[in-house]
Amino acid sequence: MARPATLEPGPMTIATDTATPIRVRIAPSPTGDPHVGTAYIGLLNFLYARQRAGKFVLRIEDTDRTRFVSTSEQMIFDALRWLGLEWDEGPDVGGPYGPYRQSERTEIYREHVQRLLDSGHAYRSFETAEELEAMRRSQIAAKLPPRYNGAHRELTAAQIAAFEAEGRPAVVRLKVPAEGETAFRDELRGAINFSHNNVDDQVLLKSDGFPTYHLANVVDDHLMRITDVIRAEEWISSTPKHVLLYKAFGWELPRFWHMPLLRNIDKSKISKRKNPVSLIYYRESGFLPQAVLNFLGLMGGGMAQPSEEEIVAKGSSLKQGDIFSLPQMIEKFDFKRISLGGPVFDLTKLKWLNGEYLRALSPEAFFQALRATVFSDEYLRRIAPLVQTRIETLAQFGEMTDFFFKDDVMPAPEVFVPKKRTLEETLDFAAEQLAVLEATPFTAEELEPALKKLGAEKEWPVKDNFMLLRAILTGRTASPPLLESLIVFGKARSLDRMRRFIDAQKRLAATRR
RNA sequence: GGCGUUAUGGUGUAACUGGUUAACACGCCGCCCUCUCAAGGCGGAGAGUCCGGGUUCGAGCCCCGGUAACGCUACCA
């Protein structure tokens, strides 16, 4: 892999106190579109590795077969490469500690689980999912904290044999010590303690034979010689379980760095409901990877603002302080500076930044960027057949297809509300359509029946059903074929357009009242 | 509910080991430039640093006590 010289550890390289080479990893789950959160944590890990001449590993965390999406893994690869976050080891590039896909490591997990069973750090538990669910409900009803009650912690050999004879499937759980506490150090926050009263007997091996995150993550991090676990803050609460596992195996602990969570405007954890969260969306909407990376680098504030002397020395203007490249981040990004409050992912500022990058392009580079994205041959080639029979001069192509090239369309209520329907009913139905589209792969064979099924359930005639969707997607009542348009425009952008539409209309309706 | 984390303008961040009227960027408003719109230039409004105590000549920075937000609380990650 050819890397620009600037990416090599420069004078700012941080000396580490250990002789062991630094190794970090990201472990995305292939459950859907690649997520901005993955890019954020990916960037941070990448920077950390590059600053210390370490290795950046990509591991695919595909142990949940119920949420597995087969196309997801490739999309993750593509999105990370688009951003320029190249990994040194991973499922597609190999490496000395493979395999890098957890579904290919089940034998390893089984062996390790057996070790825990043998050493008494784990035990088999035979409750069914339904029984556990019932237990949880009654605990919540009784206002008790929902926790595993430990019923099978001390089964006798005879009891275990009986359950097995019954053919009951088992899970393996971590045997958390009844007393005491587990403490660990977070590199950004200092010591964190958890009383064992508050650490559940986590399932380590599911009844389908796959490990849970907790087990797989610890085993793999150890086997892959990961020295620094840089991950999102949401993992703090489960870190004691991980620490307990390291100890049970007798392994050395990695350093833990928990990064603040990216937030929606209302400060909740970033989610697709309130923010475009798919990296596909950003790529297809014409954001430049450098701008996205730059923006992500702003989140958490690891880049010091330049001092006045530096500004004078460089002769640059003050606002350049928010603009920096990946090599500059490698040089200057300081993990100890990261501020812990959850940063709001503010699309407005991202757009400004992207505009700065666009303006900085040479005319030729700008033209090439256009040709590579919104006016790519590939895109045009897919749109062309949708309009060929519908236009009389080639110039009409523009009118017919404008919505394919817009960032936003916003039809008026006269356009999208069917006769005999109220605005409110219509928006409610649009929300139903959105839910269906989210759950459906974007192919004609899948989309059509799914939408028709919804229409039948809610008693919306096909005509009104499709017309509403057409209005939302295209902004008008006449357009190329709806389903094909949806598919070509793409799932990420289509869903975003719908969400924005519903949000905006609800807000409008509220102000009218 | 329990546990954990966090807390500086609307948003992202600054403020060296406590030291002058809390700084920069985005956004917002106004003016200039201009055929328009952007961009660019200039200017402005907007926080007294979550709240309450304390230490100190002096606190956004230190101590104590609250509050709020967020996260976790799954055979999901």
Side-chain angles (χ1 to χ4, degrees), chain A residues 27-32 35 37-38 60-68 102 125-133 136 139-148 169-173 181 186 188-190 192-200 202-217 231-241 258 260-270 295-308 311 317-323 337-353 355-356 358-359:
Chain A
S29 223
T31 54
H35 198 277
T38 303
I60 294 293
E61 206 103 28
D62 56 350
T63 55
D64 182 353
R65 78 287 168 218
T66 61
R67 294 203 304 155
F68 180 76
Q102 292 187 327
S125 167
F126 293 86
E127 290 93 348
T128 64
E130 293 72 36
E131 287 167 348
L132 290 171
E133 184 54 31
R136 238 161 51 83
Q139 285 170 332
I140 291 168
K143 298 208 195 273
L144 290 166
R147 275 192 66 186
Y148 177 61
V171 300
V172 176
R173 286 179 182 274
E181 60 173 35
D186 178 279
L188 297 176
R189 294 158 237 262
I192 297 179
N193 296 345
F194 281 85
S195 161
H196 289 160
N197 296 327
N198 298 313
V199 183
D200 209 355
Q202 186 55 238
V203 169
L204 301 176
L205 193 69
K206 300 181 254 188
S207 56
D208 64 1
F210 279 87
T212 57
Y213 168 86
H214 306 284
L215 195 253
N217 153 71
R231 58 173 22 165
E233 188 181 357
E234 54 188 335
W235 292 108
I236 291 178
S237 321
S238 32
T239 305
K241 293 166 186 172
H258 290 98
L261 243 23
L262 262 22
R263 310 294 180 98
N264 299 311
I265 339 80
D266 63 3
K267 296 279 184 179
S268 54
K269 171 165 106 171
I270 196 166
F295 180 66
L296 256 14
L298 241 22
M299 306 274 88
M303 286 295 277
Q305 289 185 355
S307 64
E308 285 191 45
I311 293 161
S317 80
L318 229 38
K319 78 178 201 186
Q320 300 283 319
D322 275 348
I323 298 176
R337 283 189 69 92
I338 288 176
S339 69
L340 268 9
V344 171
F345 190 91
D346 181 6
L347 221 38
T348 308
K349 186 148 185 180
L350 206 209
K351 281 186 184 163
W352 165 77
L353 249 183
E356 289 288 307
L358 249 19
R359 272 170 236 125

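Letters A, B, ... are given to chains in the order of the sequence lines, protein chains preceding strands, and every chain is numbered from 1.
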Q | Atom P, compared across B:A77 and B:A38: separation rounded to whole Å | A | 49 Å
Q | Whole-angstrom distance between B:A45 and B:C64, as gauged at atom C1' | A | 38 Å
Q | RNA chain B base-pair string [pairs: Watson-Crick or G-U under 3.5 Å; |: paired with another strand] | A | (((((((..((((.....[...)))).(((((.......))))).....(((((..]....))))))))))))....
Q) Is the distance from OP1 or OP2 of B:G12 to the nearest side-chain N or O of A:Lys267 less than 4.0 Å? A) yes
Q: Send over the distance from A:Ile323 CD1 to B:U13 C1', rounded to a whole Å.
A: 15 Å
Q: Rounded off to whole Å, could you give me the CE-to-P distance for the A:Met299 and B:A14 pair?
A: 12 Å
**Q.** Integer-rounded Å distance: B:G27 P and A:Asp346 CG
**A.** 10 Å
**Q.** Nucleotide B:G71, atom C1' - distance to CG of A:Asn264 in whole Å
**A.** 13 Å
Q) Using the glycosidic torsion, which applies to B:G48: syn (within 90° of 0) or anti (everything else)? A) syn
Q. Would one find a side-chain N or O of A:Arg337 under 4.0 angstrom from OP1 or OP2 of B:A14?
A. yes
Q) Taking for each residue the nucleotide of RNA chain B bearing the nearest heavy atom, is the 5' side occupied by A:Leu298 or by A:Leu188? A) A:Leu188
Q.
Any base atoms under 4.0 Å from A:Asn193, or only sugar-phosphate, or nothing? Heavy atoms, all strands.
A. sugar-phosphate
Q: Please measure how far the C1' atom in B:U67 lies from the corresponding atom in B:U55, and state the result in whole Å.
A: 23 Å
Q | B:G40 and B:U8, which share atom name P, separated by this distance in whole Å | A | 29 Å
Q.
Rounded to whole Å, please give me the gap between CZ in A:Arg263 and P in B:A7.
A. 11 Å
Q: Starting at atom CH2 of A:Trp352, determine the distance to atom P of B:G10, rounded to an integer number of angstrom.
A: 20 Å
Q: Under 4.0 Å between any heavy atoms, over every strand shown, what does A:Phe295 touch: base, sugar-phosphate, or nothing? Just pick one.
A: nothing
Q: Check whether any side-chain heavy atom of A:Lys241 lies under 4.5 Å from a side-chain heavy atom of A:Thr212, and answer yes or no.
A: no
Q | Side chain proximity check, A:Leu188 to A:Ile338, heavy atoms < 4.5 angstrom | A | yes
Q. Can you tell me how far P of B:G71 sits from CG of A:Leu340, to the nearest Å?
A. 16 Å
Q.
Is a donor from one side chain sitting under 3.5 angstrom from an acceptor on the other, for A:Tyr213 and A:Ser29?
A. no
Q) Atom CZ of A:Arg359 to atom P of B:C26: distance rounded to whole Å? A) 10 Å
Q. B:C62 and B:A15: how far apart are their P atoms, nearest whole angstrom?
A. 13 Å
(Q) Give me the distance, rounded to whole Å, that separates B:C29 from B:G65 when you measure between the P atoms they each carry. (A) 46 Å
Pairs under 3.5 Å (N/O, protein and nucleotides 74-77 of chain B):
from, atom 1, to, atom 2, distance (Å)
B:A74, OP2, A:Arg136, NH1, 3.3
B:C75, O2, A:Ser207, N, 2.7
B:C75, O2, A:Ser207, OG, 2.8
B:C75, N3, A:Ser207, OG, 2.9
B:C75, N4, A:Glu127, O, 2.9
B:C76, OP2, A:Lys206, NZ, 3.1
B:C76, O2', A:Asp64, OD2, 2.8
B:C76, O2', A:Arg67, NE, 3.4
B:C76, O2', A:Arg67, NH2, 3.1
B:C76, O2, A:Arg67, NH2, 3.4
B:A77, OP1, A:Thr63, OG1, 2.9
B:A77, OP1, A:Lys206, NZ, 2.8
B:A77, OP2, A:Tyr213, N, 3.2

Q | B:G19 versus B:G1 - spacing of their C1' atoms, nearest Å | A | 46 Å
Q.
Please give the distance between the C1' atoms of B:U17 and B:A59 as a whole number of Å.
A. 14 Å
Q) Taking for each residue the nucleotide of RNA chain B bearing the nearest heavy atom, is the 5' side occupied by A:Ile265 or by A:Ile236? A) A:Ile236
